[in-house]
> 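First, the structure itself, so that you have it in front of you.
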Amino acid sequence: MKKIALSGASGQIGSVLRKALLAQGLPLRSAGGTKSLTPLVDGEDVMHGDLREAAVVDRLLGGVDVLIHMAGTSVERPLPEIIENNLRGLVEVYEGARRNGVRRVVFASSNHTIGMYPVTEKLALDCMPRPDGLYGLSKVWGEALARMYWDLHGIESVCVRIGSCVERPTEPRHLSTWFGHQDLLHFIDRCIQAPAVGCLTVWGVSANTRSWWDNRGAEALGYQPRQNAEDFAAEVLAGPNPLTAVGQHFQGGSFSALHYSRDDMGAPG
Ligand code: 15L
């Protein structure tokens with residue numbers, strides 16, 4: 001059976017994955033960041049540390065076949081933090097994958113790589129990046145790094161442009177961006193089991209009727225989402241929309257509005 005490592009195991013998505021993968025009885029090593037993880041089951045393989053340190057990365061990746069890399073800064077932050085966690089940390093992780101013979105990395109990318117597309121556009125897998133801030137930009141860089149390690153060293157990656165991975169949709173934007181937990185678990189299962197994926201970028205999104213993102217081209221993964229945010233539409237649309245006009249105009253929602261200073265929203269290009 002494949003040995004799996006999970007970084008960012010105490011984060012929002014990492015904690016969902018950790019619980020589920022343990023429940024499936026998979027051989028899992030989970031890593032937290034600054035704080036140690038309390039084992040959820042007897043003898044659980046847990047560790048923690050700073051992934052910018054090669055020795056910590058080696059402790060995480062020794063004997064591992066597939067790394068699910070959820071660690072890193074997951075929101076817009078000042079540049080120095082983004083550089084340390086999402087650029088430097090990621091290089092250390094991929095270098096560690098190379099040293100330790102890890103076959104595949106699941107890289108938590110984000111929809112904020114394309115957050116400046118208007119909500120009226122439907123996006124294919126090969127659309128040009130249009131990041132909505134430094135965080136999204138760091139994920140574009142991460143996707144390119146994943147590609148480089150495939151081209152140079154044959155390490156496979158699934159770069160998952162995660163939408164809104166929450167238990168249930170709570171605002172209108174989620175009707176397009178929702179990535180339900182059941183679909184997330186199925187997605188990760190495919191990332192572990194799919195025989196050959198090369199370097200693949202794929203939308204981490206459920207089968208939402210109002211989705212902006214088209215996963216055609218990622219068939220090698222065998223991801224077949226079943227959840228649909230539309231089931232919650234009536235309830236969600238009866239409530240307020242928390243986004244500003246700019247946030248409602250662009251796919252990145254509130255992230256797109258954070259630094260926006262143009263006064264010609266919707267101008268060509
Ligand atoms: C992300 O990339 C964030 O990590 C998460 O907190 C959400 O904001 C999500 O995107 C989203 O766009 O809903």
Side-chain angles (χ1 to χ4, degrees), residues 6-18 33 51 68-79 81-82 84-87 89-90 106-119 121-123 127 129-143 145-146 158-181 183-184 187-188 201-208 210-213 215 225 227-230 232-233 236 239-244 246-260:
L6 171 67
S7 70
S10 52
Q12 199 192 323
I13 298 180
S15 47
V16 172
L17 291 178
R18 179 182 171 206
L51 292 176
I68 302 166
H69 184 53
M70 291 286 148
T73 294
S74 62
V75 290
E76 189 67 0
R77 297 288 299 157
L79 185 60
E81 179 181 329
I82 297 270
E84 286 304 309
N85 292 344
N86 291 8
L87 306 194
L90 195 66
V106 181
F107 167 58
S109 184
S110 169
N111 72 87
H112 297 288
T113 50
I114 53 80
M116 293 314 292
Y117 280 95
V119 297
E121 281 201 43
K122 298 266 184 273
L123 305 182
C127 66
R130 287 178 78 174
D132 54 27
L134 297 174
Y135 162 63
L137 185 61
S138 75
K139 294 297 184 180
V140 174
W141 190 86
E143 289 180 3
L145 186 76
V158 179
C159 300
V160 46
R161 288 182 172 170
I162 299 170
S164 302
C165 191
V166 290
E167 211 162 326
R168 52 191 291 155
T170 56
E171 55 180 90
R173 176 173 174 268
H174 291 167
L175 299 179
S176 303
T177 61
W178 190 47
F179 190 18
H181 286 176
D183 283 339
L184 166 75
F187 183 95
I188 293 297
T201 297
V202 51
W203 305 108
V205 68
S206 284
N208 304 325
R210 305 181 198 211
S211 180
W212 302 315
W213 308 322
N215 260 332
Q227 293 181 284
N228 186 342
E230 208 58 25
F232 301 86
V236 166
N241 191 332
L243 297 177
T244 60
V246 174
Q248 290 182 41
H249 184 81
F250 295 107
Q251 298 194 4
S254 61
F255 285 54
S256 314
L258 277 175
H259 305 298
Y260 198 76

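For ligands, and for the atoms within them, numbers begin at 1 and follow the listed sequence.
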> Okay, side chain of Asp183, backbone of Ser206: is any donor-acceptor separation there less than 3.5 Å?
no

> Out of curiosity, is Asn111 lining ligand 1, as in a heavy atom under 4.0 Å away?
yes

> Is there a side-chain contact between His174 and Val236, using heavy atoms and a 4.5 Å cut-off?
no

> Considering only heavy atoms, does Gln12 approach ligand 1 within less than 4.0 Å through its side chain, its backbone, both, or neither?
neither

> So, do Phe232 and Trp178 have ring centers that fall under 6.0 Å from each other?
yes

> What residue and heavy atom of the protein are closest to atom 5 (C) of ligand 1, and at what distance?
Ser74 O, 4.3 Å

> Around Gln12, counting heavy atoms of other residues, nucleotides and ligands shown, do more than 12 lie under 6.0 Å from its CD?
no

> Identify, for atom 10 (O) of ligand 1, the protein heavy atom at the shortest distance, and state residue, atom and that distance.
His112 NE2, 3.1 Å

> Give a yes or no on whether the backbone of Ala108 and the side-chain of Lys139 come within a donor-acceptor separation of less than 3.5 Å.
yes

> Taking the six-membered ring for Trp, are Tyr135 and His112 parallel (under 30°), tilted (30 to 60°) or perpendicular (over 60°)?
tilted

> Nearest to atom 9 (C) of ligand 1, what protein heavy atom do you find, and at what distance?
Gly163 O, 3.3 Å

> Using modelled atom types only, decide if a donor and an acceptor are shared between the side chain of Trp203 and the backbone of Asn215 within a distance under 3.5 Å.
no

> For ligand 1, which atoms sit closer than 4.0 Å to a heavy atom of Ser110?
1 (C), 2 (O)

> Tell me whether ligand 1 is touched by Arg173 - counting only heavy atoms on the residue side and a distance under 4.0 Å.
yes

> Show the atoms of ligand 1 that are less than 4.0 angstrom away from any heavy atom in Ser164.
11 (C), 13 (O)

> Can you pull out the closest protein heavy atom to atom 8 (O) of ligand 1? Residue, atom name and distance to 0.1 Å, please.
Phe255 CE1, 3.3 Å

